[in-house]
Amino acid sequence: MLPGLILGGMYALVAMGLTLQYGVARIMNLSYGEFLVAAALATFFLYTGLGVSPLLGLLIAVPAAYVLNWAIYQLLLVPLVRRAKNRDMLEVDSILATFGMLFVVQGLAHVLVGGQYYSYSYLSIPLSILGSTVALNRLIALLFAALIGLALYFALTRTRAGMAIRAVAVDPVSAGLVAIDVRRASAFAFALGGALVAAAGVLVSVFLTLNASMGVVFTTKALIVVIMGGVGNLLGALLAGLVLGLAETAVARLIDPGLTLAANFALFLIVLLWRPTGLFGGAAR
Amino acid sequence: MLEVRGLSACYGKHRALDGVGLSVARGEIVVILGANGAGKTTLLKAIVGLVPPIRGARVTLDGSDLVGLPSHAIVEAGIALVPEGRGIFAELTVRENLLLGAYAARARLKEASNLQRVLGLFPRLEERFRQVVRTMSGGEQQMVAIGRALMSAPEILLLDEPSLGLSPLLCRELFQVLAGIRGNGIGILLVEQNAKQSLNIADRGLLIETGRIVGQGSAAELKDDPAVRRAYFGAAAPGADGATGSRG
Ligand SMILES: Nc1ncnc2c1ncn2[C@@H]1O[C@H](COP(=O)(O)OP(=O)(O)OP(=O)(O)O)[C@@H](O)[C@H]1O
Ligand SMILES: [Mg+2]
């Protein structure tokens, strides 16, 4: 149960960022996972090279990722937004553009750190909780994921700015008619999504072994969770992430670890056949 | 005062608006009548920046130019649109829709008092305050749409066929509410198919045909104009609106 929750918590965090970028800004970001890996590798070098603890790394990586993603939106994506006649066109254009960005980020990572695997040991103290043994570092990662996820959820549902972000996800034209600056809200959502995936990268780096070409795995998982939860639906992403993590862990434990990917896609297919708009319907809840 | 001069707009090669001019003062209702496809919706969209006007147009509110501004800035300047098909946030609650209406900086200080005013106009919305809008009746959704527009504290309110799909009774109530809004000093530009009832509350009217203004006059003049009667009042004799005829 607990290992499933930990995995699910990471999926949820990764997917919440993507659902912001895709649901609000309508950017289908294929390079999304690369930013997770970049943040994880940066944390590795900060920790092993400079002795900066990963939790402090969070305070560096998250604001840096926010600024970087905001700049990417303004410089690279705004021209696409300007050109697109509607959101579907923007979606297609953004797939092509971010597919290119995937190779740029991955290439840079390869040049900087090579192709080998990286991991480090941080608070890997075994604890026995609820009948399963988990390392302290994983528990801390889960705790932080839960805190970040809940904070985001409340910020988006209880504040005026959050309500504006959700309004853009539901209907960008109407959002303009209530004086919301849709382009600014989109830039904010895109940057916030980038900050979230960086947070996830820092957190998984404390217990996963990663190399520079693993970003695609996270992008795929995030996409699956986003679609399962309903595009633009934050609570949906959170719950679907948890469900997926629990299901994968259960399959690996009870049947065969080799079947996790198959279970993953089976679950995805079942959800799509049963509820095509995702477990929890459309945007903005 | 909203003033429009030489407003034209195209969809590709198709010219949907051709040199339209009009004005709406505060505390006045101006109704726009026209057949399907005449360009009424395009006119309202061009005023709020959803359709780009062709160069040479002038749209001003109290003298300040609005052409080329994005729609969020136009709302901020004081013009609110209740669009065709309502355009409310279906997945959000009544409360959230109304509070989003007051997102404009111009409306935030007055949010609480405007909310009281809107709930006073539409008591139904207070009963349904936490309901998701998608699950409400068409009439209730129209109230949300109008309420949301009023929350932005507009100087001028634009409405695109607000009576569409309402029962005769609700329709009458709606026009009474619009007359009340005018009483608060807001100017209303109203696009309607329901010529009779809208002319009953309007001060002036404009006739639009294939993107051009082809006639205008006071509401009383237009009501008595034989051409208007033929085109917009249909075969029905004056006084007999709505075949379903709810009595009392
Ligand atoms: N998005 C669009 N793309 C292309 N043509 C359009 C578009 N919207 C409207 N038109 C055309 O522009 C003309 C005016 O349309 P508009 O929607 O303004 O009419 P309307 O007077 O509001 O009609 P209705 O009473 O049916 O709502 C029509 O000929 C219509 O076909
Ligand atoms: Mg129309």
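The chains referred to below are lettered A, B, ... by the order of the sequence lines, with proteins before strands, and numbering in each begins at 1. On a predicted model such as this, the values are computed, not experimentally measured, just so you know.
- For the pair B:Ala90 and A:Val170, the tightest heavy-atom approach, listed with the atom from each and the gap, is N-CG1, 4.3 Å.
- In this structure, chain A has a heavy atom under 4.5 Å from the side chain of B:Pro83, while its backbone stays farther away.
- In this structure a side-chain-to-backbone donor-acceptor pair under 3.5 Å is missing from A:Ser174 to B:Ile88.
- Annotation: B:Arg108, atom CZ; neighbour count of heavy atoms from other residues, nucleotides and ligands within 6.0 Å is above 12.
- For the pair B:Val75/A:Val178, no side-chain contact is recorded, criterion being any heavy-atom separation below 4.5 Å from C-beta on.
- Contacts between B:Arg148 and chain A at a heavy-atom distance below 4.5 Å involve the side chain alone, from C-beta outward.
- Residue A:Leu143 places its CG atom among more than 12 non-hydrogen atoms of other residues, nucleotides or ligands, all under 6.0 Å distant.
- Looking only at side-chain heavy atoms (C-beta outward), A:Val182 and B:His72 stay at 4.5 Å or farther from each other.
- Contact of B:Leu50 with chain A is made through the side chain alone, with heavy-atom distances under 4.5 Å.
- Looking at A:Arg166, its side chain never comes within 3.5 Å of a backbone N or O of B:Leu92 through a donor-acceptor pair.
- Atom OH in B:Tyr103 sits 8.0 Å away from atom CG in A:Asp181 (nearest 0.5 Å).
- Salt bridge absent: B:Glu96 and A:Arg160 never bring a charged side-chain N and a carboxylate O closer than 4.0 Å.
- Put simply, CG on A:Leu177 and CD1 on B:Ile74 are 9.5 Å apart, with the number rounded to the nearest 0.5 Å.
- Within 6.0 Å of the CZ atom in A:Phe99, the count of heavy atoms belonging to other residues, nucleotides or ligands does not exceed 12.
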